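The next block holds one structure in the form of structure tokens; read it before the comments.
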Amino acid sequence: MTDTRCESMLLRPSTIPFLLLAMVSLFAVTAAAEMPHPHDVEVPAPDEVGPDVLLEAPGVPLEPPDNPQVGDSWVWWLWVHEPMPPHFEQHVCTVRGLSDRGYVVVRDEEWGVSIDQADVDSILEYWENASIGPFPEQGIYETDSIAFGQPPDELDDDKRIYLLWFDFGISADGFFFWFDQYPEGTYPQYHSNECEVLYLNTTSQGGPGGHYMNAVMAHELEHMIHWKYDEDELSWVDEGMAELAMWLYGNPDNISGFNGNPDNSLVVWDGTWADYIKTYLWTLYFYERYGGLETVYAVVHEPANSTAGYDEILDDYGYSEDFRDVFADWTVANFLDDTTIADGRYGYAGDELPAFSVSGNYTSYPVEEESGTVSNWAADYYRFHNISDGGLTLAFDGSDTNWFAVWALHIPAAGDTEVYRMELDSASQSGEITVTGVEGPDDEVILVAASASSTGGPDYTFSAWESTGVSGGSSRPGTLSVSAEPNPATAWVTLYVRWESTADKVPSVSVYDASGRLARGLEPGGDPAAGEAVITWDRSREGGGRAPAGVYYVRVELGDERESEALLLLP
């Protein structure tokens, strides 16, 4: 970083309160792994910071030597919460360990009490040389640097990072202060130690040197790196990447909280435990499905923020999907976690998800005009079972100002799960879908109602009734039908369309991808009175190119009748 950047920060004092919340990250949980409850430390506005506590320590340097070594001590500014309000205190801290890319520094009060030399040796081993995740021969520093970028080196001209351990006195694990990247006095209410430093709690779960706190080091290092490359990124993106850093180390957070209340907007960060988990799952899903370390690195370096940043990366790397498409698939993956379906997009390879809660269970039919609301970029799930042999029709009507992604999941008691996307009218956000092949009361149908938009009303209604029909299609009465062979298909597909032979028109035939975008319009041709047509589709798309692998829907319409067939295209 150059001095110019520091000067530009000084010219924007109005951004300080926002940056305090967005860029000072403190990651927290209690010791109860089964149901952790984070206690994020909110950094107050400058006028709410308590008075400094100065240290009287004659003969102790106020700054480090030119080349710090094990045993060197000097006075540090530490962020302290006891007594409240939060404030800065000066404390003597001593270098207790040294490696090529790190110092372990411990507040003197903690040495031999909550951290010892064995802890220091373990910390440096995993910081430099090893991990328990997918890259066992890489330490935290190297793994995070490859995944997210090189850490900053703003002031001290020392590539080593200080890992400063002390007892926080509160239930928090670690934090990165970007104030340390600026000279002391730049922000008068917030002190700077003028170096790259991660602050870590000696009394957190498992203690220093344990795998949990090693993962927290990886988490906080990501925040430092993310600050360097995109200082104004929204918290949900930054926290998701920091959670992925824990997974890359091999000790991800325990999945809980979010699965119990999935109506939690992905893009809103309140610092709850569920927020950490939702951003973890999103980032792990994106990592697995869309380019791995290469695209994760690109997200951190992309100047566009939030959903726009992800859209830019998907475009840059040639994916046909946009953020909305990926989000829609993600909501299904969270519920099913099954990589054996279709091309694997409805599950995770890198973690096992617990069951996600449903907003309603239904066992008798019809279900008429149930109402619900869902947050933007969040999802609700409804379970239907005890269905008579045959099928279930679901109808959905969402707020016209929103954009919904609605799915029907058929989970049989025996056999393979089937996933169907409901086709919604773009103006009214309404549609119907019929799931057939239900064989007994133990089969389940899940309705997924997701708001895939940053704006729009949250309201929707849905209904359900027992019926028969074509899986993936409308349940409207009539003689219109469509089928596809082969299905799944690798090259060409033959579509068989039939309609009432007395009609004076032929049906329209269109193929849509899983996000509802037109892939190809087809002409059935022939005599309307014939009542049938055979169409061959060579996977060519509107405007050229070959339709990529994935789930598609063939839709035929004639008058007020509409039918669809789900089609799986293989690579």
Side-chain angles (χ1 to χ4, degrees), residues 1-28 40-43 46 77 79 101-102 140-164 172-184 186-187 189-200 216-246 248 269 271 275-276 279 283 296-306 309 313:
M1 296 297 159
T2 65
D3 290 342
T4 302
R5 178 177 174 186
C6 295
E7 292 168 1
S8 69
M9 286 291 293
L10 290 171
L11 294 173
R12 294 185 284 126
S14 63
T15 66
I16 293 175
F18 168 77
L19 289 173
L20 288 176
L21 297 177
M23 297 312 301
V24 180
S25 168
L26 295 99
F27 178 78
D40 261 357
V41 180
E42 181 178 348
V43 179
W77 285 109
W79 182 247
R101 290 173 285 195
I140 292 165
Y141 185 102
E142 183 178 3
T143 299
D144 272 25
S145 298
I146 292 171
F148 310 114
Q150 287 294 313
D153 186 14
E154 297 294 306
L155 299 175
D156 63 353
D157 194 27
D158 185 347
K159 295 298 183 182
R160 293 186 180 95
I161 292 173
Y162 290 91
L163 308 172
L164 200 164
D173 295 319
F175 60 93
F176 157 66
F177 259 170
W178 56 268
F179 308 121
D180 289 314
Q181 306 302 300
Y182 295 93
E184 171 72 355
T186 302
Y187 299 101
Q189 285 80 9
Y190 304 95
H191 290 286
S192 171
N193 288 304
E194 298 187 346
C195 61
E196 282 66 50
V197 53
L198 305 178
Y199 301 93
L200 300 151
V216 170
M217 288 196 297
H219 182 112
E220 301 305 336
L221 178 58
E222 189 284 332
H223 286 316
M224 178 185 286
I225 296 168
H226 213 137
W227 173 86
K228 174 183 176 180
Y229 294 106
D230 193 0
E231 66 181 30
D232 63 348
E233 180 59 89
L234 270 62
S235 292
W236 77 269
V237 179
D238 186 10
E239 292 292 348
M241 292 294 167
E243 287 288 296
L244 184 68
M246 298 179 74
L248 292 169
W269 179 260
D275 288 350
Y276 285 108
T279 59
T283 313
V296 163
Y297 183 95
V299 170
V300 172
H301 292 247
E302 169 57 49
N305 292 334
S306 193
I313 298 306

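Everything quoted here is computed from the prediction, not taken from an experiment. Reckoned from all heavy atoms, side chains included, excluding hydrogens, waters and symmetry mates.
When the side-chain hydrogen bond (donor to acceptor under 3.5 Å, both in side chains) test is applied to Ser145, no partner is found at least two apart in sequence or on another chain. Applying the side-chain contact (heavy atoms from CB on, under 4.5 Å) criterion to Glu184, with sequence neighbours excluded, gives Trp77, His191, Ser192, Glu194. Under the rule for a ring pair (Phe, Tyr, Trp, His ring centres under 6.0 Å), Phe148 has no partner lying at least two apart in sequence or in another chain. Judged as a side-chain hydrogen bond (donor to acceptor under 3.5 Å, both in side chains), and not counting sequence neighbours, the contacts of Ser306 are Trp236. Applying the salt bridge (Lys or Arg N to Asp or Glu O under 4.0 Å) criterion to Asp180, with sequence neighbours excluded, gives no partner residue.
Each of Asn193, Asp173, Leu163 was compared with Tyr199 under the side-chain contact (heavy atoms from CB on, under 4.5 Å) criterion, and only Asn193 meets it.
How far CG of Leu248 is from OG1 of Thr143: 7.0 Å, rounded to the nearest 0.5 Å. Here CG of Leu200 is found 7.0 Å from CE of Met217. Values are rounded to the nearest 0.5 Å.
In this pair, Tyr187 and Trp178 present their aromatic rings perpendicular. The plane angle is above 60°, beyond the 30 to 60° band. Between His301 and Tyr297, the ring planes lie parallel to each other; the angle is under 30°, not in the 30° to 60° tilted range. Using cut-offs of 30° and 60° for the angle between ring planes, the Tyr190 and Phe179 rings count as parallel.
The shortest non-hydrogen separation linking Asp158 to Glu196 is O-OE1, 4.2 Å. Scanning both residues, Thr186 and Tyr182, for their nearest heavy atoms gives OG1-CB, 3.7 Å.
Between the side chain of Asp238 and the backbone N or O of Glu233, no donor-acceptor pair lies under 3.5 Å.
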Apply side chain to side chain contact (heavy atoms under 4.5 Å, CB included) to the pair Val300 and Glu222, showing each step before the final yes or no. CA-CA 9 Å; Val300 172; Glu222 189 284 332; 4.2 Å; yes
Go through it in stages, so that I can follow the logic: the residues are Asp153 and Asp156, the test is side chain to side chain contact (heavy atoms under 4.5 Å, CB included), and I'd like the CA-CA distance, side-chain angles, deciding distance and then a yes or no. CA-CA 7 Å; Asp153 186 14; Asp156 63 353; 2.9 Å; yes
